[in-house]
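Below is one structure, written out as structure tokens; the observations come after it.
Per chain, numbering begins at 1; letters A, B, ... match sequence-line order.
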Amino acid sequence: MSDILVVGTGNSWRGDDSVGLEAANALRARLPEEVRVLATEAEQSSLLDEWEGCDTVLIVDAVHSDAAAGTIHRVDLNAETVPHAVLQGSTHHFSLGDTIELARALKRLPAKALFLGIEGESFNPGEPLSPAVAAAVPAIVEEIAREVEALLQESS
Amino acid sequence: MHDATRTIKTAYLARVEGEGGMLVRVKGDEIEEVKLNIFEPPRFFEAFLRGRYFTEAPDITARICGICPIAYQSASTQAMEEIVGVEVGGQLRALRRMIYCGEWIESHSLHVYMLHAPDFLGYPSVIEIAKDHPEVVEQALRMKKIGNEVMQVIGGREVHPINVKVGGFYKTPTKAELETLVPELEWGLQASLDTVRWAATLDFPDFEQDYEFVAMVEDGLYPIDRGDRIISSKGLDIPISAFYDHVAEEHVEHANALQGRLKERGAYMVGPLARYALWHNLLCDKAKAVAEEIGLPKVVNNPFKSIIVRSIELVEVFNELLRLIGEYEQPAEPSLDCPPRAGTGHGVSEAPRGTIYHRYMTDNAGLITDAKIVPPTAQNQPQIEDDLKQFVGKFMDLDHEELTLRCEQAIRNYDPCISCATHFLTLEIERT
């Protein structure tokens, strides 16, 4: 099964922003080998190429809203638009939210596309994950693993 | 004419409070205040590098920016190679230049089409362009992907190229591996020529400044991967080791980043307009010809036209990659031996958005005792603020929304690297 992609994204040097990468690394050990797991700090629009040809993409990243640290947000990207604030233009950076909406506009969003956000609280340079966020990693790993296992069963 | 105080404020750079933003305050016809607040992470990295082994610098600094890792790797390897007394030449040097060209392709095509074009075409973002003109955006993504592939063939399939090291590379590609890139590079060369012609048709505000353009000197080549001197359009001509004799880094209260100013004259500009003004004569024939075809002068003082010059630089790097691949022969050894040594080393390269400077000191064991990193945006920041000030002064009669948009565009002219930092989402959740 090469048509499921799990992407964890973030910045490994910015505190809770690394939680997507941590989750992806844990999932790499947890998921069957045929599921591609990508932990990436790259410029986000390159994700369009990464999920090209995939039926399913599951994306994990840190988010910053008014929820409690460690809260898991789940967005079905084919049913919902990414919240508007995410799409604010920037001078240099093309964000994950931009990438998702660009994929939608170009009809390049996989048939199943799920976003899982983990609420962060501290994004200071050089800091480790804050305790509440670190504690949420096993839960999100479990949620994604169950999701992937169900998909694999469906298709077998 | 105007009595009220007008404030133009944008927090659009802000994914985190204080991460970046713009403030222009106007009272009557007077501009009272211009502040650009840009966060950059290099200060943190400078501290983090101290005590690390000298060969770690390329890998660590590559992580400062998701879009220009090669700029940081190039400047840090150059500095370390100076310390250990090794000169990387021949095909190893050519590979360094090739991977850097890949980074330019990725960065410039992203900026030209996906970040800057919406300003000129009257769209809020590239997403709306994609709805009306998907073929244009698909072309941009294809160009960008070529840059990414160049970096992967030479740098490895990791996000931050892991193949570059002090003294050369861990592994060099075969000629056949590089030649697989040629068909797409040939397509990209044509696409970039078309991009120049398209960019020339855009509408530009009537706005010029008397800039001091600053760029590095690269031994008879258009400046990209490694410089030995730095020059300016107003007479600066210094070896890179004299950088801090001429550039003062000032901490300003409203910005987390230090701002670079020439001690002699103040604000200056690095980046595409500077490289083009100083090194137009070193562009390839195709780039020169297309510049002439669209009637672009050899010095461009309108910063909004940086979109044209970036497109010309795309022509240059596609052409340069084809030239270098044609001449490539896989080196016998991927790297030169680099035993540790105490000393001070300097490195300069041209990131897509301008000159980047690194300086390191090491002890006898090869441990880093001091690190200085001056990214291009820190150098451009005073000039961006000056552009905003002059621009608002000239176009004060535009309505608020239009003026705000134009100010944002004026910042985007510099492709500032404000978010080498984070890419988590700002999420607003409405509950009813």
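Using a 4.5 Å cut-off on side-chain heavy atoms (C-beta onward), B/E149 and A/D49 make no contact. For the pair A/S45 and B/L110, the minimum side-chain heavy-atom distance is below 4.5 Å. The shortest distance between side-chain heavy atoms of A/L102 and B/M114 falls below 4.5 Å.
Proximity to chain B (any heavy atom under 4.5 Å) is shown, for A/L38, by neither the backbone nor the side chain. Only the side chain of B/V137 comes within less than 4.5 Å of a heavy atom of chain A; its backbone N, CA, C and O stay farther away. For chain B, no part of A/S18 is nearby; none of its heavy atoms comes within less than 4.5 Å.
Considering CZ of B/F45 and CH2 of A/W13, their distance stands at 5.0 Å, rounded to 0.5 Å. Separation of atoms NZ (B/K131) and CD (A/E101) is listed at 7.0 Å; rounding is to 0.5 Å. Atom CD of A/E43 and atom CD of B/E103 lie 11.5 Å apart (nearest 0.5 Å). We find the CG-CD distance between B/L141 and A/E52 to be 10.0 Å, quoted to the nearest 0.5 Å. Here B/I129 contributes atom CD1 and A/L106 contributes atom CG; the two are 11.0 Å apart, rounded to the nearest 0.5 Å.
Atom CD of A/E33 has 12 or fewer heavy atoms from other residues, nucleotides or ligands within 6.0 Å.
Taking B/S109 as the reference, nothing meets the side chain to side chain donor-acceptor pair (under 3.5 Å) condition, with sequence neighbours excluded.
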